[in-house]
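Quick notes on the structure that follows.
These numbers were taken from a predicted model, which means no experiment stands behind them. The chains referred to below are lettered A, B, ... by the order of the sequence lines, with proteins before strands, and numbering in each begins at 1.
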Number of protein chains: 2
Amino acid sequence: MSKQLDMAAGENCVCFNLRWVTRAVTQFYDAEMRRHGIRPTQGSILASLNSKDSWNMAELSDWLGMERTTLVRNLRPLQRDGFVKAVGGGRGNRVELTITTKGRKQVESLTPAWKAAQSAVVKTLGEKRWSAILSDLETAALALNK
Amino acid sequence: MSKQLDMAAGENCVCFNLRWVTRAVTQFYDAEMRRHGIRPTQGSILASLNSKDSWNMAELSDWLGMERTTLVRNLRPLQRDGFVKAVGGGRGNRVELTITTKGRKQVESLTPAWKAAQSAVVKTLGEKRWSAILSDLETAALALNK
DNA sequence: ACATGTTGTGTGTATATGCACTACTACGAC
DNA sequence: GTCGTAGTAGTGCATATACACACAACATGT
């Protein structure tokens, strides 16, 4: 049987459905990661910082697809907890963002929890289907950013 | 060429990718809807209220897949602006949530903006793929809620 | 009548998100 | 040199999110 949804019907709002699923998935990852004192969003930021020596604000926000001013605020708990160091910055000045040693340790100790969540989520549809979905969603998101 | 992603690699975190795409899609819908003074999340809530005469808090949060305490707060701007009426409520008492006449009018005047955004987003991948993706994502989200 | 468990609602605190706006720097045109 | 413009970073305000907790009403067993 086909699973066609009527995309002109309000109940099938792409935005609402994506937000709904994202809430559920985020809660699932969060449940695995919270005992390390790190949220999924923060984990993504740390992982990016861990993959390249130095970033400035605009570069990193671009990479993460996160609004620049959102990133400014999302970095604060990570700076407060000593996972990220920001040198320079202030109005008009470039800031140099780097992950600290403590931050790298956090990424490492976090990895098993992330893997557990990721693997459980991937199992729901299988790797192939998830790969196709993420690839399609990336296509859609990039098309909207034009 | 195949588009297989390595789902064990950190860059392909399902949570991060869903959050990223959802941010982009939400911004897109929001750009269409904001001139009506309504955000996408609020629109979803109003549309639900519009589809059934009376809800209480737990029912509606369940229907929306939105944490109950999140819904309590998300309703506030809608009550403040006179789109939703809450009768009863308070600690321990059931609340009866209903959309007002003003709320119904808002839903109607909002519909063209929603349709414009929905249609533009659907065009990025085509109706068929979006239907399949939403259907799969629903399967995944339900599996995680077990 | 009373204890108790279940259901239903709201608050405290913290993070996540983004538009409009401010403010400073750097650099090129002149 | 200075003037304008593009680039970069941060703030004000409002919404969105959810866990831990508090509290009230109700059913039910004793």
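- The interatomic distance linking B/His36 (NE2) with D/dT15 (C1') rounds to 19 Å, in whole Å.
- Judged by closest nucleotide on DNA chain C, B/Arg73 is the one of B/Arg73 and A/Gln42 placed further toward the 5' end.
- Rounding to whole angstrom units, CZ of residue A/Arg35 and P of D/dC19 are separated by 15 Å.
- One atom, CG of B/Leu64, and another, C1' of D/dA16, lie 13 Å apart when rounded to the nearest Å.
- At least one side-chain heavy atom of A/Met57 sits under 4.5 Å from a side-chain heavy atom of A/Leu75.
- Each of A/Ala24 and A/Val95 was assigned the nucleotide of DNA chain D with the nearest heavy atom; the assignment lying further toward the 5' end belongs to A/Val95.
- Rounded to an integer number of Å, the gap from CG of B/Leu78 to C1' of D/dA16 is 12 Å.
- At least one side-chain nitrogen or oxygen of B/Asn74 sits closer than 4.0 Å to the OP1 or OP2 atom of D/dT17.
- DNA chain D is contacted by both A/Glu96 and A/Arg39; A/Glu96 maps to the nucleotide lying nearer its 5′ end (nearest heavy atom per residue).
- In this structure a side-chain-to-backbone donor-acceptor pair under 3.5 Å is present from A/Gln118 to B/Asn12.
- Using a 4.0 Å heavy-atom distance criterion, A/Asp30 is classed as making no nucleic acid contact.
- B/Glu67 places its CD atom 17 Å from the C1' atom of D/dT15, with the value rounded to the nearest Å.
- Side-chain contact between B/Ser48 and B/Leu64: present, with at least one pair of heavy atoms (C-beta onward) separated by less than 4.5 Å.
- When side chains are defined from C-beta on, B/Leu60 counts as touching B/Leu49, because their heavy atoms get closer than 4.5 Å.
- The backbone N or O of B/Pro40 lies less than 3.5 Å from a partner atom in the side chain of B/Ser44, making a donor-acceptor pair.
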Just the atom pairs and distances: protein N or O near nucleotides 21-25 of chain D's N or O, under 3.5 Å.
| unit_1 | atom_1 | unit_2 | atom_2 | d |
| --- | --- | --- | --- | --- |
| D/dA24 | O4' | B/Arg91 | O | 3.2 |
| D/dA24 | O3' | B/Arg91 | O | 3.4 |

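- No salt bridge links A/Arg23 with B/Glu67; every basic N to acidic carboxylate O contact stays at or beyond 4.0 Å.
- Within 4.0 Å of A/Thr70, counting heavy atoms only, lies at least one base atom of the nucleic acid.
- Distance CZ (B/Arg76) to P (D/dT17): 15 Å, rounded to an integer number of Å.
- When each of B/Arg34 and B/Arg19 is assigned the nucleotide of DNA chain C with its nearest heavy atom, B/Arg19 is the one assigned upstream, toward the 5' end.
- At least one test fails for B/Lys128 against the ring of B/Trp130: distance under 6.0 Å to the centre or angle within 45° of the axis.
- Atom-to-atom distance recorded for A/Arg94:CZ and A/Asn56:CG is 4.5 Å, nearest 0.5 angstrom.
- The CZ atom of B/Phe83 sits 12 Å away from the P atom of D/dT15 (whole-angstrom rounding).
- Between A/Lys85 and A/Glu96 there is no salt bridge, since no side-chain nitrogen of the basic residue lies less than 4.0 Å from a carboxylate oxygen of the acidic one.
- A/Thr22 and B/Thr22 are linked by a side-chain donor-acceptor pair at a separation below 3.5 angstrom, with hydrogens and angles left out of the test.
- In summary, contact between chain B and DNA chain C, defined as any nucleotide atom under 4.0 Å from a heavy atom of the protein, begins and ends at C/dG8 to C/dC19 in the 5' to 3' direction.
- Distance, B/Met66 CE to D/dC19 C1': 16 Å, rounded to whole Å.
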